[in-house]
Amino acid sequence: MLAVTLTSPSVKDPLSAIEVGGRPDPAPADGWTTVRLRTAALNHHDVWNMRGLGVEESWLPTVLGSDGAGVDADGNEVLIHPLIANPEAGRGDETLDPRRRMISDGIDGTFAEVIAVPRRNLVPKPHGLSWESAACLGTAWLTAYRALFGRGDLPPGSTVLVQGAGGGVATAVIALGRAAGLRVWVTSRSEEKRRRAVEELGAHAAFADGERLPERVDAAIDSVGQATWTHSLRSLRPGGTLITLGATSGGAVDPQLSRVFLNQIRVQGVAMGTVDELRRLATMCAEAGIEPAIDSEFALADAKAGIERMVEGRLFGKVLLRCSA
Ligand SMILES: NC(=O)c1ccc[n+]([C@@H]2O[C@H](COP(=O)([O-])OP(=O)(O)OC[C@H]3O[C@@H](n4cnc5c(N)ncnc54)[C@H](OP(=O)(O)O)[C@@H]3O)[C@@H](O)[C@H]2O)c1
């Protein structure tokens, strides 16, 4: 089968880390099945793997990619939950299993024609959800869902600041936040992305990086890290919540402890979500007609062109790979 395989991670030249070519078809273990993928979606996690961040030598070669949707061995249309984990080890929440692993972290991933996955990781694709939309939900959208409706605990009418409007997670937070009745403010480095966040995704207002806001917000959702952390903290009302989900620009932040304790700020980490949350997210998108913003779509054989858009930070929304017709 055709696949995009991580062979030699490189910090400086991530595109040299992968090979697009033939791989043996997967043989599912007990309790696992195969999925013939229709569409897969990129995440920044794929770029971290290509740069070698957290990658173990023993994993190589591994097929890249965590998100995707397709048809399982029994003919069911499914979405793939990208976390291999045991809910019991996480006290009922598989995202808290200390031994959890993302698909693609040493387990062959979704940038392929066929993948083997545990049966418990399959969620039925609702009718009315396109293959393109279904492929986007596994990582970025699931994390956004948990940030807003799980750990974030943000009732309708709350004002939320989303840093870095153009990214996969950020565009998901904007769309889901709007649908849930939040007031959504965004920042982006790019004027064009600020305009699109308002006109195409429905953000209520957009601000340049670091710009002073008209008033303080209930929560800041920050997947950027170092470049936006101080602005996120400064933007919060006393008692507000900083939801941290990523560190695209680096993780060396000034924690500003006195601001945190004097203003009684809650700093809340969020990492992925459960299979059950993915099921509810898919239902929400299908029933509410929410469609993820798609930046671009490429044939699996042309994956490098799509990955390049993410490496260069040019994208607005999700980059997709067409794995089969
Ligand atoms: N906790 C989790 O479970 C989880 C899940 C998914 C993703 N993540 C993490 O979240 C981050 C975003 O993931 P993604 O898939 O959404 O990535 P992505 O689609 O590549 O988006 C990258 C984002 O970073 C912003 N950005 C990059 N460099 C920046 C800088 N120097 N200053 C300001 N903004 C910058 C971009 O915003 P603009 O171009 O609009 O400024 C854009 O929003 C990654 O670090 C990823 O590892 C974590």
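One-based numbering, in listed order, for ligands and for the atoms of each.
Listed by number with element, the atoms of ligand 1 under 4.0 Å from a non-hydrogen atom of Met272 are 2 (C), 3 (O). Those atoms of ligand 1 that come under 4.0 Å of a heavy atom in Gly246, given as number and element, are 9 (C), 10 (O). Those atoms of ligand 1 with a heavy atom of Leu315 less than 4.0 angstrom away are 19 (O). Shown in contact with Val270 at under 4.0 Å from a heavy atom are these atoms of ligand 1, numbered in order with element: 1 (N), 2 (C). Residue Ala271 has at least one heavy-atom neighbour below 4.0 Å for each of these atoms of ligand 1: 1 (N), 2 (C), 3 (O). For ligand 1, the atoms lying closer than 4.0 Å to a non-hydrogen atom of Gly166 are 40 (O).
Donor-acceptor pairing under 3.5 Å is recorded for the side chains of Arg178 and His204. Judged purely by distance below 3.5 Å, without hydrogens or angles, the side chains of Lys318 and Asn43 pair a donor atom with an acceptor atom. At a cut-off of 3.5 Å, with distance as the only test, no side-chain donor of Ser188 or Arg196 sits close to an acceptor on the other residue.
Residue Gly164 has at least one nitrogen or oxygen atom sitting less than 3.5 Å from a nitrogen or oxygen atom of ligand 1, judged on distance alone. Considering both main-chain and side-chain atoms, Leu245 comes within under 3.5 Å of ligand 1 through a nitrogen or oxygen pair. Geometrically, ligand 1 and Ser188 share a nitrogen or oxygen pair separated by less than 3.5 Å.
Using a 4.0 Å cut-off between heavy atoms, Ser223 contacts ligand 1 through both its backbone and its side chain. Contacts of Met310 with ligand 1, taken as heavy-atom pairs under 4.0 Å, involve the side chain alone. Under 4.0 Å from ligand 1, the heavy atoms of Thr143 that appear belong solely to its side chain. Counting heavy atoms under 4.0 Å from ligand 1, residue Val169 touches it through both backbone and side chain. The part of Ala247 lying near ligand 1 is the backbone, judged by heavy-atom distances below 4.0 Å. With a 4.0 Å heavy-atom cut-off, ligand 1 is reached by the side chain of Asp209 but not by its N, CA, C or O.
Considering only non-hydrogen atoms, atom 32 (N) of ligand 1 lies nearest to Arg189 out of Arg196, His44, Arg189.
Contact check on Arg259 versus Asp254 returns no salt bridge, with no Lys/Arg side-chain nitrogen under 4.0 Å from an Asp/Glu carboxylate oxygen.
If you run side chain to side chain donor-acceptor pair (under 3.5 Å) between Thr228 and each of Asp209, Thr187, Thr248, Asp222, only Asp222 comes through.
Scanning all protein heavy atoms for the shortest distance to atom 47 (O) of ligand 1 gives Trp48 NE1, 2.8 Å.
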